[in-house]
Q: 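Below you will find the structure I want to go over with you.
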Amino acid sequence: MMTDETRSVPTTTPTAPGPTPETAQSHGEHPHRGVRVSGQDGEEGPKAFYIHIEALPGKEDQVIRMLEDILGCVREEPATGPWYAVRYSKTTFGIFEVFPDLAGRRAHVEGGGGDIFRDVERMNAILAYPAHVHRLDVLMGKEVFARG
């Protein structure tokens, strides 16, 4: 029986958690377009974004400030539900955010958080490559934390 300490990892497995990071080729493209979007809007129903963010080395604190700026915007958005900024490693970050429907997700894109990602000059100054926005359908979830 293999334990976590003895389990070998295939060389094709990405080392960063979350969706597969950009290719090495993308890392060298400066200036870049700031943001890249994948996935479809899909049918009506609850929606989400997962955004994979890779900071330029030494710019991690500026990425954290950007995340704080985005949170300030989403606090004012009635159709933005759960919102989380996460850190996977020194330079790798992510955002996971949920919306009740397509209209809520579109309103978010048109709002202040979207404006931050549309600031291509800022994105090029702090990100190694464009932030990768994954459009997602929410299948199910737990809306609140259990109280004990």
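Side chains included, hydrogens not; waters and symmetry mates left out as well; all remaining heavy atoms used.
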Q: Do the non-hydrogen side-chain atoms of Phe99 and Thr80 ever get within less than 4.5 Å of each other?
A: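 SC-SC contact between Phe99 and Thr80 confirmed.
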
Q: As an exercise, state the distance from CD1 of Ile51 to CG of Leu67, rounded to the nearest 0.5 Å.
A: 9.0 Å

Q: Please give me the minimum heavy-atom distance between Thr91 and Pro57, naming the atom from each residue.
A: CG2-CA, 4.4 Å

Q: If you count heavy atoms of other groups shown closer than 6.0 angstrom to CD of Glu121, is the number above 12?
A: no

Q: Could you state the interatomic distance from NE2 (His32) to OH (Tyr129), rounded to the nearest 0.5 Å?
A: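 Here the interatomic distance stands at 10.0 Å.
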
Q: Do Trp83 and Val109 sit in one hydrophobic cluster, given that two such residues count as connected whenever their side-chain heavy atoms are within less than 4.5 Å of each other, even indirectly?
A: yes

Q: Looking at Arg33 and Val120, would you say the former's side chain and the latter's main chain have a donor-acceptor pair under 3.5 Å?
A: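 The answer is no, because no donor-acceptor pair under 3.5 Å joins these two groups.
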
Q: Closest approach of Ile53 and Val63, non-hydrogen atoms and distance?
A: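 So the minimum-distance heavy-atom pair works out to CG2-CG1, 4.0 Å.
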
Q: Considering non-hydrogen atoms only, spot the tightest contact between Ala79 and Pro100 and give its length.
A: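 Where Ala79 meets Pro100 most closely, the heavy atoms are O-CD, 3.1 Å.
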
Q: Following the transitive rule for hydrophobic clusters with a side-chain heavy-atom cut-off under 4.5 Å over Ile, Leu, Val, Met, Phe, Trp and Tyr, establish whether Leu71 and Ile64 coincide in one cluster.
A: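 They do share one cluster, since a chain of ILVMFWY contacts under 4.5 Å joins Leu71 to Ile64.
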
Q: Which label fits Tyr88 and His52: parallel for a plane angle under 30°, tilted from 30 to 60°, or perpendicular past 60°?
A: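 The rings of Tyr88 and His52 lie parallel, inter-plane angle below 30°.
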
Q: Can you tell me how far the CZ atom of Phe117 sits from the CD1 atom of Ile70, to the nearest 0.5 Å?
A: 4.0 Å

Q: Answer yes or no: is there a side-chain heavy-atom contact under 4.5 Å between Phe49 and His134?
A: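 The answer is no, as the side chains (C-beta and beyond) never meet within the 4.5 Å cut-off.
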
Q: Locate the shortest heavy-atom distance separating Cys73 from Gly113; write the atom from each residue and the value.
A: CB-N, 3.7 Å

Q: If only atom types and distance count, is the side chain of Arg122 paired as donor or acceptor with the main-chain N or O of Ala125 below 3.5 Å?
A: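 No, the answer is negative, given that no donor and acceptor are paired below the 3.5 Å cut-off.
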
Q: Carefully, step by step, assess Leu136 and Tyr50 under the rule side-chain contact (heavy atoms from CB on, under 4.5 Å).
A: CA-CA 7 Å; Leu136 308 170; Tyr50 170 74; 3.8 Å; yes

Q: Within this structure, what is the CD-CD distance for the pair Gln62 and Glu60, rounded to the nearest 0.5 Å?
A: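 If we round to the nearest 0.5 Å, Gln62:CD and Glu60:CD are 9.5 Å apart.
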
Q: Identify whether Ile95 and Val86 are in the same connected component of the hydrophobic contact network (ILVMFWY, side-chain heavy atoms under 4.5 Å).
A: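 No, Ile95 and Val86 fall in different hydrophobic clusters.
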
Q: At what distance, to the nearest 0.5 angstrom, does CG of Leu127 lie from CE of Met66?
A: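 Rounded to the nearest 0.5 Å, the CG-CE separation comes out at 5.5 Å.
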
Q: First locate atom CD of Glu54, then atom NE2 of His132, and finally report the distance between them rounded to the nearest 0.5 Å.
A: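 Between atom CD of Glu54 and atom NE2 of His132 there are 14.0 Å.
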
Q: I want to check something: taking the side chain as every heavy atom from C-beta on, are Asp137 and Glu43 in contact at a cut-off of under 4.5 Å?
A: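 Asp137 does not reach Glu43 side chain to side chain.
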
Q: Looking only at heavy atoms, which two atoms of Glu44 and Leu102 are closest? And how far apart?
A: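 For Glu44 and Leu102, the tightest heavy-atom pair comes out as OE2-N, 3.1 Å.
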
Q: Which atom names give the shortest non-hydrogen contact between Ile116 and Met123, and what distance separates them?
A: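 Heavy-atom minimum between the residues: O-CE, 3.5 Å.
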
Q: Go through the steps for Val74 and His108 under the test side-chain contact (heavy atoms from CB on, under 4.5 Å), then give the verdict.
A: CA-CA 8 Å; Val74 300; His108 171 68; 3.3 Å; yes

